[in-house]
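Beneath this line is the structure, given in structure tokens, with notes to follow.
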Amino acid sequence: MSWRVFFAAFTTMLVAGCATQQNQRGLSGAVVGAGTGAVAGQLIGGNTTSTVAGAAGGALVGAAVGTATTSPQNRGNCRYRQPDGTIIIARC
């Protein structure tokens, strides 16, 4: 099972590298929310159904919070790394 967790984390990092900051915050919020919800579901219900339900609910709440907390100036903008290593934020 640990290879699945590693694969999911690795895939999340790859996908997060090519998204707007709003999408990145939504995705990272969903990942954190799913993990927190899964743990809470397991602690409360003690079975697989509770764990899955907690993960699903946590992912939804986490994605909503992550997207909503993106500052308005960064919505619709992407981060670009220039050849000298500096990062600029500009329209996608």
Side-chain angles (χ1 to χ4, degrees):
M1 175 131 156
S2 63
W3 67 271
R4 291 180 184 170
V5 173
F6 173 77
F7 180 74
F10 182 74
T11 304
T12 300
M13 287 187 297
L14 286 177
V15 172
C18 57
T20 64
Q21 186 172 4
Q22 185 176 12
N23 290 343
Q24 286 177 348
R25 288 183 62 92
L27 181 62
S28 63
V31 170
V32 171
T36 304
V39 170
Q42 181 63 33
L43 290 174
I44 293 169
N47 58 32
T48 304
T49 304
S50 299
T51 304
V52 172
L60 288 174
V61 171
V65 170
T67 302
T69 58
T70 305
S71 66
Q73 67 193 28
N74 290 330
R75 291 185 181 164
N77 292 330
C78 291
R79 294 174 57 139
Y80 299 100
R81 183 178 302 272
Q82 295 183 331
D84 64 355
T86 58
I87 297 175
I88 58 170
I89 299 175
R91 279 274 183 226
C92 297

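Annotation for V32: hydrophobic cluster partners, listed by chain and number, are none (ILVMFWY side-chain heavy atoms under 4.5 Å, direct or chained). Summarising the hydrophobic clusters (Ile, Leu, Val, Met, Phe, Trp, Tyr; side-chain heavy atoms under 4.5 Å, direct or chained), the residues clustered with L60 are none. Side-chain heavy-atom separations under 4.5 angstrom define the hydrophobic clusters, and I44 shares its cluster with no other residue. Through chains of ILVMFWY side-chain contacts below 4.5 Å, L43 is grouped with V39.
Residue pairs meeting the side-chain hydrogen bond (donor to acceptor under 3.5 Å, both in side chains) criterion with at least one member in residues 30-42, sequence neighbours excluded, are Q42-T51.
A search for side-chain contact (heavy atoms from CB on, under 4.5 Å) contacts involving V52 returns T48, not counting sequence neighbours.
Using a 3.5 Å distance cut-off with no hydrogens or angles, the side chains of D84 and T86 do pair a donor with an acceptor.
Between S50 and G41, the shortest heavy-atom distance links the atoms CB-O, 3.2 Å.
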